Structures are given as structure tokens and as C-alpha cells.
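Structure, as C-alpha cells:
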Protein chains: 2
Amino acid sequence: MNAQTDDITPGARGRFERMHAELRNRICLLDYAPGTRLSEEALAAEFGVSRTPLRRVLARLEGEGLVQSVHGVGTFVTDVEIDELGQTYRLRLELAELTGKLDPVPPGPELMTEFEKLLVRARKLSREADPKPYAQLIMDFFLAAQRLTANEPLREINERLYVRTTRIWLKSIFAARIDLAEEMAVFTREVEDVLAALRIGDLHAASLIQRAHISMSFERMRRGTAG
Amino acid sequence: MNAQTDDITPGARGRFERMHAELRNRICLLDYAPGTRLSEEALAAEFGVSRTPLRRVLARLEGEGLVQSVHGVGTFVTDVEIDELGQTYRLRLELAELTGKLDPVPPGPELMTEFEKLLVRARKLSREADPKPYAQLIMDFFLAAQRLTANEPLREINERLYVRTTRIWLKSIFAARIDLAEEMAVFTREVEDVLAALRIGDLHAASLIQRAHISMSFERMRRGTAG
DNA sequence: GCGACCGATGATGTGCACAACATTCGGGAT
DNA sequence: ATCCCGAATGTTGTGCACATCATCGGTCGC
């Protein structure tokens with residue numbers, strides 16, 4: 001997810017980072033839905049390594065709360081129950097606002113261009129059966145917004161909570177109860193509003209907008225899942 | 001660090017948890033100072049296992065930012081430079097206050113008793129050459145304060161940031177520039193004030209007091225280290 | 001027929017030998 | 001004397017065989 005993740009670092013460390021990033025992406029983009037069993041042997045064969053280094057990757061993912069290994073049964077992509085999801089979202093609300101207050105970094109022209117491209121992508125994205133483009137767009141927007149703070153620990157924590165919750169939210173969205181087109185319209189509006197705030201240099205406002213949208217999107221999910 | 005960490009869970013999971021907790025404690029209590037090299041073979045022999053499961057523990061610790069492994073060189077206890085330390089402390093300030101606002105849990109009589117015991121320990125603790133009792137007391141106070149919120153993700157993140165920073169702070173304290181007796185007097189005052197706030201049921205005030213003390217203690221460390 | 005037991009099966013966990021890598025130290029050419 | 005190269009050493013990383021565990025299905029006893 002970080003910038004240096006996708007480069008072609010040689011050696012053992014590079015292999016580890018690439019496998020880790022790849023598996024995390026698959027989990028976040030719902031290639032592996034919550035509950036899916038991950039075969040160590042199959043993944044090891046796919047990446048062309050033995051089980052040993054792959055298991056190290058899985059151990060890291062387990063530390064991040066994305067998978068859970070059970071002796072003699074398998075390693076499964078974690079799911080998150082509604083209670084903990086609510087706690088996490090309430091925390092993400094506050095952290096989103098902090099992103100605009102703690103070590104804020106005014107966006108340069110290239111970052112502004114990136115936000116504009118994200119807005120174009122959001123407007124173009126039509127109804128799709130595959131959750132992947134949605135997940136990718138929303139994650140790219142999240143990552144772009146992360147660049148508005150220089151506080152590295154805050155970014156790390158934000159990412160940590162993001163990958164644990166958004167895939168669950170995305171899964172709920174596609175589970176049917178929620179109107180997908182409306183959800184994307186709301187998201188497009190969020191990008192527009194954040195972009196407007198950034199154009200006048202008000203980072204705190206941008207973070208408040210995101211805070212509001214995180215809150216509302218969770219509320220929509222909660223209502224859609226409950227009925 | 002959690003309650004279920006120190007129980008005697010059998011099987012592979014239990015061994016892992018126990019080794020992990022033990023090594024984390026040693027790092028946090030400065031048994032292994034920043035920069036120390038950890039020998040996989042020696043630790044494996046000590047715990048009576050082979051290198052394989054021990055390496056899994058080290059991988060977890062690396063994910064938590066407590067150690068770093070370098071191929072062909074060794075795994076070393078991490079140090080934190082002043083810049084990132086400042087970022088982390090600024091973040092911890094905000095999170096400390098959140099602990100009083102997000103899912104607050106009024107302390108029961110047993111927790112109040114624990115705080116009172118901590119106050120007694122703080123008052124008794126005289127000048128010592130060994131940092132361990134100080135580290136243990138401060139950590140116990142931190143853990144007790146964590147029980148004032150039911151927000152599990154917040155607690156997890158608080159702990160994560162705590163273990164990464166407090167050992168560095170403690171190391172600086174014992175590096176000489178800072179008056180140890182005065183530092184402990186300030187800490188005792190913090191426990192007293194938090195206890196007073198809890199007695200009248202004002203959890204937000206308790207969190208604000210802790211926020212203030214985190215800020216001030218970092219400032220004292222910064223000044224002591226800079227000169 | 002039904003239930004309990006047990007063996008087969010397939011998964012993760014462990015131990016060990018070896019590979020890859022970085023550092024260090026010593027010897028030889030200049 | 002100095003610099004460079006390479007072997008020796010010690011470390012983490014990898015591959016593989018086996019141990020341990022949970023699950024499932026068949027079979028035996030009742």
C-alpha cells in the first residue's frame with residue numbers, strides 16, 4: 001500500500017513485501033471474501049516459493065487482523081461482526097478528522113491532479129457486478145487523502161483500520177440491500193466536496209467532509225444490513 | 001499485555017502467545033535495550049523450541065515495529081528517532097483524550113482499588129538504578145487506564161503506540177539528563193489527579209489529565225535530550 | 001436402527017539441514 | 001605501508017520431511 005511496496009526490491013525482503021502486498025490487495029478487493037480459506041500450499045506454489053516464507057506472510061496478515069490460522073483446520077480471511085465494526089468506525093471518524101489537524105501537508109499540483117483523476121473515475125464508474133473497480137477506486141481515494149498528513153504513525157493506523165473495515169463494508173454493499181448507484185453518487189459528491197475544500201486550502205474542512213461521509217456510509221450500511 | 005495473554009493456554013497458539021508476551025515485555029522493560037541483537041538460536045534454546053516457531057514470534061514483533069530483521073546480519077531491537085517520536089507523541093495525545101470520549105466505561109470498585117494500589121506503588125518507589133520497576137509501574141498504570149474504554153480497536157492502537165514509544169522515553173530518562181526523582185513525583189501527581197477525576201466520575205477529565213502529562217513528559221524528554 | 005469409536009485424510013505447526021547474505025580478518029600485490 | 005581481494009565465520013532465509021491437530025466417514029458394538 002505504501003509507495004515503496006510495489007517496487008522491485010530484490011532479495012528476500014522484496015519477495016516478502018510483494019507477496020504481502022499482493023495478498024492484502026486480494027483480501028481488500030474481495031478477491032478473497034471474508035471466510036475464504038487460503039491454502040498455504042497453493043499460494044506457495046503460485047508465488048514459486050516453499051511454504052516457509054509464505055507462512056511468514058500469513059503470520060504478518062494475521063497480526064494485521066486480516067486472516068486467522070487454526071491448527072489442523074486452515075487459515076481463513078477474517079470477518080468482522082457488527083459490534084467491533086461500529087467501534088472501529090467510531091474510531092475512524094476521529095482519526096479522519098485528525099488527518100486534517102495533525103501535521104497537515106498542503107497538496108501539491110500533482111496530488112491535486114490525482115484527486116481530479118479520481119473524480120473522473122468516480123463519475124465514469126457505472127453499475128458493475130464486480131466489486132473490484134469500486135474497491136480500487138475507493139481505496140485509491142483513501143490513499144490520496146492519506147497524503148494530506150505527514151504524520152507517519154497516523155497513516156499507518158489509518159491504513160490498518162481501513163483494510164480491516166472497508167472490505168466488510170464493501171461486501172455488505174454488494175450483499176444487495178443497499179442501492180449501489182446511489183452509493184456511488186454519494187461517493188462522487190464526497191470527492192467533489194473534498195476537492196473544493198482543497199482548492200481553497202482548507203485541509204481541516206476536507207477532513208471534516210470525509211469524517212461526515214464515513215459516518216453516513218456506516219449508518220447506511222447498518223440500516224441496510226439490519227432490515 | 002492483554003488479560004488472556006498470561007494464562008496457560010495449551011497447544012501451539014499458547015506457546016506462541018507466551019513467547020510473544022515474554023519478548024515484548026523484555027523489550028518494553030528495557031531488558032533488551034534499543035539496538036540489542038536478539039539471537040534466534042539462543043532464544044529458541046531458552047524457550048525449548050526450534051528456530052521455526054521462534055521466528056514466527058520475531059516476525060510478529062517486526063510487524064509491531066519492535067524489532068527488525070536483516071538478512072545475514074541479525075534481528076535488532078528497534079530505536080526510534082526524535083522526529084517519528086514526536087509524530088507518535090502528538091498522535092498519542094489525541095488518542096489519550098479519545099479514550100475518555102469513545103465508549104467510556106465507568107470504573108468498577110476493583111478497578112478503583114487497582115488505581116489506589118498503583119498510587120501506593122508510585123509513592124513507595126524510591127531511587128533505583130534499574131529501570132525495570134519504573135517501566136513496570138508506568139505500564140501497569142497505562143493498562144489500568146486502558147480499561148476505561150470499551151473500544152477494543154482504540155485499545156489495540158494505544159498499546160501499539162505505547163510499546164513503541166515509552167521504552168524510548170524510559171531509556172532517555174535513564175540516560176541521565178533528566179531528574180529521576182522529579183519525574184516520579186510528577187507521575188505520582190498524575191496518578192493522584194486521575195484518581196480524583198475518577199472518584200467524581202469524570203472520565204473525560206481523567207483522559208485530559210493523561211493527555212496533558214503525555215505532552216509534558218515528552219517535552220521534558222525533548223529538552224533533556226537536546227541539551 | 002443408532003450411537004460411539006476409530007482410522008483416514010488433509011490442514012497447520014515444528015525441526016533440521018542447507019542456501020543466501022553480510023561482515024570481518026588476513027594475505028598478497030603494488 | 002597501503003589497498004584490494006577472498007576465504008572464513010556467523011547470521012537470517014528457505015525447502016522439505018515429519019509431527020500434531022481437527023474433521024469426516026465408515027464400521028463395529030449395542
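Just so we're on the same page: letters track the sequence lines, and every chain starts at 1. A quick note: this is a predicted structure, and the numbers were derived from the prediction, not measured.
In terms of modelled atom types and a separation under 3.5 Å, the side chain of B/Glu40 and the main chain of B/Leu54 share no donor-acceptor contact. Remark: side-chain polar atoms of A/Thr166 are not paired, donor with acceptor, to backbone N or O of A/Val163 under 3.5 angstrom.
Side-chain N/O atoms of A/Arg15 include none lying less than 4.0 angstrom from OP1 or OP2 on D/dG13. The side chain of B/Arg55 places an N or O atom within less than 4.0 Å of a non-bridging phosphate oxygen (OP1 or OP2) of D/dG13. Between A/Ser50 and D/dG15, a side-chain N or O to OP1/OP2 separation shorter than 4.0 Å is present. Phosphate proximity of D/dT12 to A/Arg56: absent, as no side-chain N or O sits under 4.0 Å from OP1 or OP2.
Distance B/Arg13 CZ to D/dT20 C1': 15 Å, rounded to the nearest Å. With rounding to whole Å, A/His71 atom NE2 is found 16 Å from C/dG10 atom P. In this structure, CD of A/Gln68 is placed 18 Å from P of C/dA11, rounded to the nearest angstrom. Atom CD in A/Glu41 sits about 11 Å away from atom P in D/dC16, given to the nearest Å. The distance between atom CD of B/Glu40 and atom P of D/dT14, rounded to the nearest whole Å, is 12 Å. Taking atom CG of residue A/Leu43 and atom C1' of nucleotide D/dG15, one finds them 17 Å apart after rounding to whole Å. For the pair A/Leu58 CG and C/dG13 C1', the interatomic distance rounds to 13 Å; values are reported in whole Å. Remark: C1' of C/dT14 and CG of B/Leu54 are 12 Å apart, rounded to the nearest angstrom.
The pair A/Glu114-A/Arg147 meets the salt-bridge criterion, since a charged nitrogen lies less than 4.0 angstrom from a carboxylate oxygen. Ionic pairing of A/Arg223 and A/Glu219 is present here: one or more N-O contacts between side-chain nitrogen and carboxylate oxygen are shorter than 4.0 angstrom.
A donor-acceptor contact under 3.5 Å links the side chain of B/Arg51 to the base of D/dG13.
If B/Gly48 and A/Arg37 are placed on DNA chain C by their nearest nucleotide, the residue sitting closer to the 5' end is A/Arg37. Between B/Thr52 and B/Ser39, the residue anchored closer to the 5' end of DNA chain D is B/Ser39, taking for each the nucleotide with the nearest heavy atom.
Closest contact between the side chain of A/Val49 and the listed nucleotides D/dG15, D/dT12, C/dG15 involves D/dG15.
Judged by distance alone, the side chains of A/Thr75 and A/Arg55 never bring a donor and an acceptor atom under 3.5 Å apart.
Backbone-only engagement by A/Leu38 is indicated by non-hydrogen atom pairs under 4.0 Å involving sugar-phosphate atoms exclusively.
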